[in-house]
Amino acid sequence: MRVLNILAVLAACVLIQAPVFAQLPVSEVVTVDESILPKARNLYLNLWNNAGSKLLFGHQDDLAYGVGWKEKEKMSDVWLVTGRYPAVMGWELCNLGREPENIDGVKFDNMKRWMLDAYKMGAVNTISWHLQNPVSDGSAWDPSPAVYAILPGGEKHEAYKKELRTFADFASSMRAGFPVSKPIPLIFRPFHEHSGSWFWWGKGNCTSEEYKALWRFTVSFLRDTCEVHNLLYAYSTDIVPDKEAYLEYYPGDEYVDILGMDDYHDFRGNGESREVFTRRMAMLGNLGLAKGKVSALTETGSEQIPDSSWWTRTLLAGIEADPLSAQISYVMVWRNGRPDHYYAPYPGHPSVPDFVTFTSNERVQLSDKRASLYRKPKSLRPIPPASPAALPVGMP
Ligand code: BMA
């Protein structure tokens, strides 16, 4: 079975809530892809080991542009304000194989170079894909039903396989050495925020069975047919109220490496919803422990960061407030795309001092070659006891 072999031990520990130890040999951990390349596997093990004590900080399109600049070598808003680069960098593939640049004006040739740069600086690359609606050819935000059509037997199935082959070529071409090297590890996070209904793969626009079938087909095709072996697969809902809602579209432990959630909702408006945020992350962290999988806040942010102490008093405090919410391994804020649409501070922004405090916290990690997320760890971290504090979030 393609599951973490520690799952049984963990599940038992969660059930009986005993103090735990599970120091299993690293060699026993299995990911979605049993033939995963060693560095991608090491990355997974290190993310797992980090949970509970370290939190990698990430930023979408960090090297591509920022507030007031675009396409400048080694430039980054995070670097400008901290002197360091994020430990996670997110990239978007909408338009891959159709246009030279993505939906946000990032040229794919540049993107590849920046992904390799990120890898060389010890950072992790994660990929989202706002794939066009395959039936209407409208955008990802065209909610007209389409999943049924790309499943095996559907009228757009061959077209979908072509999209996946294009992605497989892209992912496999990402090689960091010369003349012979293996593709670098990538976190692949397709069909995200499906618990909302704004994308064609979202709730209400396809059934949960269709979604699961699509996910399983996608993994099998990339792994078994295209033989792509540098991917970790991240499943990420939007906010959900409880574990049941989180798992409604879940394709199964054999098909998911990272349990993610996107949460902007808890940081919108004037309401203080930090405690709800903590409960949501605790639910996610607890599920990660129970399943023996890495958990992550795969997208978040407070647009324009109107609260200048948001980084420490809301984001970090919210994550640290419960040992279970502190299980999440990384957090990624969204892109600095426009003067009215940015999520990381830039020079002169009022939240810079707080951001510097945040990134200086011993839990929070920026990119660091020496930390070497790609080196094989000697052992797996001991598993903390599950806590009864993983209560339902109690909010929609
Ligand atoms: C959204 C916005 C859009 C962008 C899209 C894909 O959240 O940032 O402007 O085009 O993501 O990256």
Side-chain angles (χ1 to χ4, degrees), residues 32-33 35-37 40 90-116 125-175 182-194 198-202 205-207 209-236 249 251-252 254-257:
V32 166
D33 183 356
S35 306
I36 193 166
L37 289 165
W91 307 99
E92 165 57 40
L93 293 190
C94 177
N95 291 345
L96 184 70
R98 298 167 185 237
E99 309 275 347
E101 61 183 45
N102 78 2
I103 189 176
D104 302 318
V106 180
K107 297 184 186 75
F108 290 111
D109 285 350
N110 286 338
M111 188 189 291
K112 273 192 184 181
R113 210 177 61 251
W114 290 323
M115 289 171 90
L116 292 173
N125 289 295
T126 171
I127 289 175
S128 55
W129 200 5
H130 289 77
L131 187 63
Q132 282 87 348
N133 185 311
V135 171
S136 68
D137 214 30
S139 76
W141 291 268
D142 173 352
S144 50
V147 173
Y148 74 92
I150 58 175
L151 290 174
E155 81 241 29
K156 297 289 180 185
H157 183 59
E158 289 307 314
Y160 181 55
K161 287 206 293 200
K162 190 164 169 263
E163 298 276 10
L164 287 180
R165 282 199 193 93
T166 304
F167 168 67
D169 289 347
F170 180 85
S172 307
S173 70
M174 212 71 66
R175 292 168 193 253
K182 305 277 188 200
I184 63 171
L186 304 171
I187 295 174
F188 184 44
R189 191 172 66 93
F191 305 123
H192 65 302
E193 299 179 3
H194 55 274
W198 41 91
F199 297 129
W200 54 263
W201 57 83
N205 307 324
C206 66
T207 66
E209 288 314 309
E210 284 169 343
Y211 184 90
K212 291 177 196 175
L214 174 61
W215 187 284
R216 291 174 191 146
F217 172 79
T218 302
V219 168
S220 308
F221 190 76
L222 291 171
R223 181 188 61 198
D224 308 331
T225 305
C226 302
E227 297 186 50
V228 180
H229 296 302
N230 53 329
L231 303 180
L232 292 168
Y233 293 88
Y235 165 90
S236 65
Y249 286 65
E254 302 94 310
Y255 291 93
V256 172
D257 291 310

**Q** With a 4.5 Å limit on heavy-atom distance, are the side chains of Leu231 and Asp33 in contact?
**A** no
**Q** Provide the closest heavy-atom pair for His229 versus Glu227 in the form atom of the first, atom of the second, distance.
**A** CD2-O, 3.4 Å
**Q** Between Thr166 and Gly97, which heavy-atom pair has the shortest distance, and what is it?
**A** CG2-CA, 3.8 Å
**Q** I'd like to check Leu37 versus Pro183 (side-chain heavy atoms, cut-off strictly below 4.5 Å). Are they in contact?
**A** yes
**Q** Check for a donor-acceptor pair, side chain of Asn230 on one end and backbone N or O of Leu186 on the other, with a separation under 3.5 Å.
**A** no
**Q** Taking the side chain as every heavy atom from C-beta outward, state whether Glu210 and Tyr249 have any atom pair closer than 4.5 Å.
**A** no
**Q** Using the test side-chain hydrogen bond (donor to acceptor under 3.5 Å, both in side chains), find all partners of Ser236 that sit at least two apart in sequence or belong to another chain.
**A** Arg189
**Q** Donor-acceptor pair, Asn102 side chain versus Glu92 backbone, under 3.5 Å?
**A** yes
**Q** About how many Å separate NZ of Lys156 and CG of Asp137, when rounded to the nearest 0.5 Å?
**A** 8.0 Å
**Q** Would you name the heavy atoms of Pro251 and Trp215 that are closest together and state the gap between them?
**A** CG-CD1, 3.3 Å
**Q** Calculate, to the nearest 0.5 Å, the distance between atoms NZ and NE2 belonging to Lys161 and His157 respectively.
**A** 4.0 Å
**Q** Here's a test for you: under ring-ring contact (aromatic ring centres under 6.0 Å, His included), which of Tyr233, Trp201, Tyr235 qualifies with Phe191?
**A** Trp201
**Q** Hydrogens and angles aside, do Tyr211 and His194 bring a side-chain donor and acceptor to less than 3.5 Å of each other?
**A** yes
**Q** Give a yes or no on whether the backbone of Leu222 and the side-chain of Thr225 come within a donor-acceptor separation of less than 3.5 Å.
**A** no
**Q** Can you tell me if Arg216 uses its side chain to pair, donor with acceptor, with the backbone of Tyr255 under 3.5 Å?
**A** no
**Q** Which atom names give the shortest non-hydrogen contact between Ala149 and Val135, and what distance separates them?
**A** CB-CG2, 3.6 Å
**Q** May I ask you to decide if Ser144's main-chain N or O and Asp142's side chain share a donor-acceptor pair within less than 3.5 Å?
**A** yes
**Q** Any side-chain donor paired with an acceptor under 3.5 Å for Arg113 and Asn110?
**A** yes
**Q** For Asn205 and Ala146, indicate whether the former's side chain and the latter's backbone hold a donor-acceptor pair under 3.5 Å.
**A** no
**Q** Contact between Trp200 and Ile150 at the side-chain level, heavy atoms closer than 4.5 Å - yes or no?
**A** yes
**Q** Do Glu163 and Arg98 have side-chain heavy atoms sitting under 4.5 Å apart?
**A** yes
**Q** Tell me, with the steps shown, if His130 and Ser139 meet side chain to side chain contact (heavy atoms under 4.5 Å, CB included).
**A** CA-CA 8 Å; His130 289 77; Ser139 76; over 6 Å; no
**Q** Report the distance from atom OG of Ser220 to atom CD of Glu254, rounding to the nearest 0.5 Å.
**A** 10.5 Å
**Q** Could you verify whether a donor N or O on one side chain and an acceptor N or O on the other, from Thr218 and Tyr160, lie under 3.5 Å apart?
**A** yes
**Q** Identify the two heavy atoms, one from Ala40 and one from Leu232, that lie closest to each other, and give their separation to 0.1 Å.
**A** O-CD1, 3.8 Å
**Q** Could you grab the distance from atom CE of Met111 to atom CG of Leu96, nearest 0.5 Å is fine?
**A** 8.0 Å
**Q** Report yes if some heavy atom in the side chain of Lys112 is under 4.5 Å from a heavy atom in the side chain of Phe108; otherwise report no.
**A** no
**Q** Please examine the side chains of Ile127 and Met115, heavy atoms only from C-beta on, and report whether any two atoms are closer than 4.5 Å.
**A** yes
**Q** What heavy-atom pair brings Cys226 and Ala168 nearest, and what distance separates the two atoms?
**A** CB-CB, 3.7 Å
**Q** Could I get the full list of side-chain hydrogen bond (donor to acceptor under 3.5 Å, both in side chains) partners for Trp141, not counting sequence neighbours?
**A** none
**Q** Just wondering, do Asn95 and Gln132 contact through their side chains at under 4.5 Å, heavy atoms?
**A** yes
